[in-house]
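Notes follow once the structure below has been shown.
Because the structure is predicted, anything quoted here is derived from the model rather than measured.
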Amino acid sequence: MATSRGKAAVKRYMNDIPEAVRERVLRGAARAAGTIVATRAKELSVSSEVSDKIKVRTKREDGKIIARVQVLMGNYNLPLWLEYGTDPHFISVSDSQRRGQSVRRINSKVREEGGNASLVIGGNFVGATVFHPGARAHPFLRPALDMEEADAIRAAQAFISARVAPTGITGSDQGDEP
């Protein structure tokens, strides 16, 4: 009767393939694609402050690998204002000054400090409220994806092709060479 050895090792290897593909290949492929889009977004941004903060993040969510091109600036809204612009609006006492205080308290505080309820812009008193005419949109994230979609897909495919070989999966998900 014929016998075989290594059956358990082959079985373990076959069971580990999906996890290895997901973690070592697909995550790196997603990062490669995201990097192409992020590079174009940095070129399209009209703000060096925003360009410097554009990053690619990958994560596993519900069994899928997701790559996100994000502008990591904390609570600062400049990336949104650039991407979509702003409508004309009035500016008055900011929410941070108002937090937990009534309008009456803010006004009395201004009087106590000897000021007149006026906004200061560029060192000049401009009045209690100012009308801002809005800002034109300078989209950079959405056009970057539209312009680089095909190249991003090619980069992801190249990453996968370089790492999946008949002998197994090579390299890591960090973009290093196999």
Side-chain angles (χ1 to χ4, degrees), residues 22-101 103 106 109-110 115 117-163 171-178:
R22 195 170 25 254
E23 285 303 314
R24 291 179 58 195
V25 177
L26 296 183
R27 186 171 235 151
R31 184 177 297 106
T35 299
I36 298 292
V37 175
T39 301
R40 179 54 69 112
K42 289 177 182 184
E43 293 169 2
L44 294 174
S45 174
V46 296
S47 166
S48 61
E49 185 180 0
V50 170
S51 294
D52 293 344
K53 300 292 184 176
I54 294 175
K55 307 288 182 213
V56 177
R57 298 285 187 253
T58 61
K59 70 176 187 173
R60 185 195 297 192
E61 191 174 282
D62 299 327
K64 300 175 190 168
I65 300 297
I66 297 172
R68 289 192 171 108
V69 177
Q70 301 173 313
V71 185
L72 302 173
M73 295 185 78
N75 284 337
Y76 194 38
N77 290 321
L78 181 59
L80 283 172
W81 297 334
L82 282 177
E83 184 76 14
Y84 297 103
T86 61
D87 289 333
H89 57 282
F90 286 96
I91 301 172
S92 59
V93 176
S94 75
D95 287 340
S96 63
Q97 291 170 311
R98 193 179 317 166
R99 199 164 306 170
Q101 298 183 51
V103 173
I106 292 168
K109 196 172 182 180
V110 167
S118 178
L119 293 168
V120 178
I121 298 176
N124 300 316
F125 289 98
V126 293
T129 357
V130 175
F131 181 74
H132 188 287
R136 188 169 62 91
H138 295 279
F140 60 100
L141 288 171
R142 295 169 295 153
L145 178 59
D146 292 343
M147 296 164 79
E148 298 299 330
E149 179 181 15
D151 286 342
I153 291 169
R154 278 192 285 279
Q157 183 60 56
F159 189 94
I160 292 168
S161 297
R163 281 155 182 79
S172 74
D173 69 338
Q174 300 302 315
D176 59 342
E177 290 304 314

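Between the CG atom in L72 and the CZ atom in R57 there is a gap of 5.0 Å [rounded to 0.5 Å]. The CZ atom of F140 sits 8.0 Å away from atom OG of S47, with the distance rounded to the nearest 0.5 Å. From I54, atom CD1 reaches atom OG1 of T39 across 9.0 Å, with rounding to the nearest 0.5 Å. We find the CZ-CD1 distance between R31 and I65 to be 9.5 Å, quoted to the nearest 0.5 Å. A distance of 10.0 Å separates CZ in R27 from CD1 in I66, rounded to the nearest 0.5 Å. Note that CG of L82 and OG of S51 are 9.0 Å apart. Values are rounded to the nearest 0.5 Å.
Residues V56 and A38 share a closest heavy-atom pair of CG2-CB, 3.6 Å. Shortest non-hydrogen contact noted between A137 and Y84 is CB-C, 3.5 Å. Minimum heavy-atom separation, A152 to I36: N-CG2, 4.0 Å. Closest heavy-atom contact between A33 and A156: CB-CB, 4.2 Å.
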Check your understanding: Is there a side chain to side chain contact (heavy atoms under 4.5 Å, CB included) between L141 and V71 once you walk through the steps?
Key -> CA-CA 9 Å; L141 288 171; V71 185; 4.2 Å; yes
Exercise for review: With side chain to side chain contact (heavy atoms under 4.5 Å, CB included) as the test, would you mind laying out the steps for Q70 and K55 before giving the verdict?
Suggested key: CA-CA 5 Å; Q70 301 173 313; K55 307 288 182 213; 5.6 Å; no
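Between the side chain of R142 and the main chain of E83, a donor-acceptor pair closer than 3.5 Å is present.
Heavy-atom neighbours of K42 NZ from other residues, nucleotides or ligands within 6.0 Å: above the threshold of 12. The number of heavy-atom neighbours closer than 6.0 Å to CD of E149, taken from other residues, nucleotides and ligands shown, is 12 or below.
By the 4.5 Å heavy-atom criterion applied to side chains, L26 and I160 are counted as neighbours.
Under the 4.0 Å criterion applied to side-chain N and carboxylate O atoms, E61 and K64 are not assigned as salt-bridge partners.
By the 30° and 60° cut-offs, the orientation of the rings of Y76 relative to W81 is perpendicular.
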